Amino acid sequence: MTPSSVGRRTLLKGVAAATAALAVPRAFDPAAAAAPASKGIFGYGVASGDPTADSVVIWTRATPPPRPGEPVAAPGSGLGRPIPVRWQVSTTDRFNRVVAHGTVMTSPDSDHTVKVDVTGLDPYTRYFYRFQSLGEFSAVGRTQTAGDIAGETHALRMALVSCSNYTGGFFTAYRAISKRDDLDFVLHVGDYIYEYGNGADRYGPAALVGVRDGQPATETIDLTGYRLRHALHKADPDAQAAHQALPWITIFDDHEVANNSWADGAENHQPGEGDYLARRAQAMQAYLEWMPFRMPDQSVPHQGTRFFKRFTFGDLGDLSILETRQNRSRQVTVPGVPFDGFVPIGVSPAIDGAIASPLRHLPEPEQMTWLKDGVAQQGRKWHLLGNQVMIAPVLYPGAALGDPRYTFVNADQWDGYTADRTSLLAYAAAQPPSAGDVVVLTGDIHASFSSDLPVAAAPGQAAYASAGVEVVCPSVTSDGFFEVLGRTPQLAGQPPEVVVAVTRQAIGAAQQLNPWIKYLDGIGHGFVVIDVTPERVQADYHHTPVPSSAKPDPRVDPAVLPAYTRSVQTLAGTRRLSGAVGPVGARSDEPRTA
């Protein structure tokens, strides 16, 4: 059996030859990743992350000024002398009330990145921070601690993002987020960078060739490459603005290393690219250097290196951050067919049996136990799960994937590990009301989904027990259903209006198969605002405009920002989605300020 399906990687190759002819003049320095290294010590901006009640991580890169005759210490170069970096945290942006300060050394060993875990802070308080070295100051960053105070309930509001492919478009979603003053933090659930190069594997619209190119120009497979790719993202002005404005909570998915990865390999790790585990270790080193990420306590049972962790927000809720790449079983594939995520179900006992096997895992068993313990925690209204790949079952009509003979699932998601999913959802559904409700916050699939979480369901089955709900954000820039379908032979060259109509038809067919999916958009890019109160969790979707003949791809226009389009909510105790009228209003309270 060799069913054909349309995958992201397969479709990319079909347009590779055309991209070179569509190059336009460069908008900035061709060495975009290295350019900020020549613009002062702190050219890569500042960032903060992982806020708790009394601590936050602050970050920068401090590029040492070259001495006469020395080259610039660009990211990944290994060049540059060690230099001291002072840091300050204050309750005012004038820094006349400094509450914490210190000095650290940075060197080529950390790619001259600086990361400080500032402790001893007050809960639910806004702070400002900056760095200084050799007489030069960084930009001033704004951050805040978590509202995790016993006996107090505070507002909780975040931006949910994922899949920020540099060559896929301008990061206007980040710019829109940076302009908001009502968010506590940004939650990025994976694919902060992409590993692809600028050749046949280039990923993104042809109109951006020569405008937003990857650095390095080839696929990232080593420490130098991953450092440069992270530097490219930190060089982006919109990414810098969002990091400067808010703390971030992040977790990696597959593209921080290689597409469709599993415990000891990846679909996009090819012969000749070296040892996969060595590649992953170098990718993780660069990730930890360039992200404001705090390593969790390693004494908690886990396999490999523990990255999963939990944040708490008083009696309102907690946020458990999953990590589902390092120890997962290899994805189920169709023999003889290159894996692009999708496999047919119901036609091969071998495939169906492997998908349902209790011996295959997405998170390792130790992490699953930790996750269930969090779901069962009493005394909090909400258990939020920051999760990379979709938990809700999604059955894809074969006609939408190029082969109407079959129904497909994405085996890279929890759909490919149904024993783990059933175990988690059945456990969550069995918890008493006092344990609160589960809300899963997901990315990866480059489309906007809002879904109930059926413990067991069949195609088209309208009656089911729901264990909670899932909100999936669109991509920041990476190709969605609209772009993928627009490159199929049937739609290539058709006006955007035609592709939009076909995309919506496919979405309608998918929702008939999956009645637990209450909202689905595969056209817009952007972000979701998640607002948490004791009474409900609301998700506000913000999307780029629908493509048209006048503006066929909003991602290539740096002036186009995502705007509010749709809201859904789940009321406490229902464990199901319902409609919401309009975007969220003002917060119930604000973090403390000086």
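Keep in mind that this is a model prediction, so the values were computed, not measured.
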In short, Lys551 meets Val560 closest at the heavy-atom pair CD-CG2, 4.0 Å
Regarding Thr143 and Ser48, do their side chains bring together a donor and an acceptor under 3.5 Å, going by distance alone? yes
Worked verdict on His269 versus Glu219 for side chain to side chain donor-acceptor pair (under 3.5 Å): CA-CA 10 Å; His269 183 74; Glu219 182 180 336; over 6 Å; no
Verify, without hydrogens or angle tests, whether Glu195 (side chain) and Ile221 (backbone) share a donor-acceptor contact under 3.5 angstrom. no
Is there side-chain contact between Thr125 and Gln144, with heavy atoms separated by less than 4.5 Å? no
Are Thr167 and Asn165 close enough that a side-chain donor and a side-chain acceptor fall under 3.5 Å? yes
Any side-chain donor near an acceptor of the partner, Glu289 and Gln285, under 3.5 Å: yes
Would you find a donor on one side and an acceptor on the other, under 3.5 Å apart, between the side chain of Arg227 and the backbone of Ala286? no
For a quick check under 3.5 Å, do Ser320 and Asp318 share a side-chain donor-acceptor pair by atom type? no
Can a salt bridge be assigned to the pair Asp479 and Arg487 using a cut-off of 4.0 Å between side-chain N and carboxylate O? yes
Does NZ or CZ of Lys234 come closer than 6.0 Å to the centre of the six-membered ring of Trp59, within 45° of the ring's axis? yes
Is atom CZ of Arg330 surrounded by more than 12 heavy atoms (other residues, nucleotides or ligands) closer than 6.0 Å? no
Result for side chain to side chain contact (heavy atoms under 4.5 Å, CB included) between Val189 and one of Leu160, Asp253, Asn387 points to Leu160
List the steps and the verdict of ring-ring contact (aromatic ring centres under 6.0 Å, His included) for Phe131 and Phe137. CA-CA 6 Å; Phe131 300 89; Phe137 282 96; over 10 Å; no
Between Arg555 (side chain only) and Thr544 (backbone N and O only), is there a donor and an acceptor less than 3.5 Å apart? no
Among side-chain atoms of Ser164 and His188, is any donor-acceptor pair under 3.5 angstrom? yes
For Ser107, which residues count as a side-chain contact (heavy atoms from CB on, under 4.5 Å) partner, sequence neighbours excluded? Pro82, Asp109
Exam field: side chain Gln388 to backbone Leu322, donor-acceptor pair closer than 3.5 Å: yes
Does a donor on one side chain sit under 3.5 Å from an acceptor on the other, for Ser261 and Arg328? no
Pair Tyr287 and Tyr192, ring centroids less than 6.0 Å apart: no
For Ala239, side-chain contact (heavy atoms from CB on, under 4.5 Å) partners two or more places apart: Phe171, Tyr174, Asp236
Can a side-chain donor-acceptor contact be found between Glu364 and Gln367 if the only test is distance below 3.5 angstrom? yes
Under 6.0 Å between the ring centres of Trp87 and His101? no
I'd like to know whether the aromatic ring centres of Tyr203 and Tyr194 sit less than 6.0 Å apart in this structure. yes
So, do Phe449 and Met390 sit near enough that their side-chain heavy atoms are less than 4.5 Å apart? yes
Are the side chain of Thr172 and the backbone N or O of Arg175 linked by a donor-acceptor pair below 3.5 Å? no
For Arg306, salt bridge (charged side-chain N to carboxylate O under 4.0 Å, His left out) partners two or more places apart: none
I'd like to know if the side chain of Tyr129 and the backbone of Ile58 have a donor-acceptor N/O pair within less than 3.5 Å. no
Using a 4.5 Å cut-off on heavy atoms from C-beta on, say whether the side chain of Val471 contacts that of Val440. no
Row check, Tyr166 ring normal vs Arg212 NZ/CZ: under 6.0 Å, within 45°: yes
Could you tell me if Glu267 and Asn259 have a donor-acceptor pair between their side chains, going purely by distance under 3.5 Å? yes
Polar contact flag, side-chain donor to acceptor under 3.5 angstrom, Thr106-His112: no
Between Lys309 and Asp297, is the closest basic N to carboxylate O distance under 4.0 Å? no
Answer yes or no: is there a donor N or O on one side and an acceptor on the other, between the side chain of Arg61 and the main chain of Tyr44, under 3.5 Å? no
Ala37 and Thr63 have their tightest heavy-atom pair at O-CG2, 3.5 Å
Can you confirm whether Leu228 sits close enough to Thr220 that some side-chain heavy atom of one is under 4.5 Å from a side-chain heavy atom of the other? no
Quick check: Trp248 with Phe293 (ring centres under 6.0 Å apart)? no
Under a 4.0 Å threshold between the charged nitrogen and the carboxylate oxygen, would Asp184 count as salt-bridged to Arg126? no
If we count only N and O atoms by modelled type, under 3.5 Å, do the side chains of His543 and Ser448 hold a donor and an acceptor together? yes
Going by atom types only, do Gln240 and His233 share a side-chain donor-acceptor pair under 3.5 Å? no
Could you check whether any side-chain N or O of Gln331 sits under 3.5 Å from a backbone N or O of Phe339, counting only pairs where one atom can act as donor and the other as acceptor? no
Is there a side-chain contact between Leu79 and Glu70 (heavy atoms, below 4.5 Å)? no
Considering non-hydrogen atoms only, spot the tightest contact between Val476 and Ala173 and give its length. CG1-CB, 4.1 Å
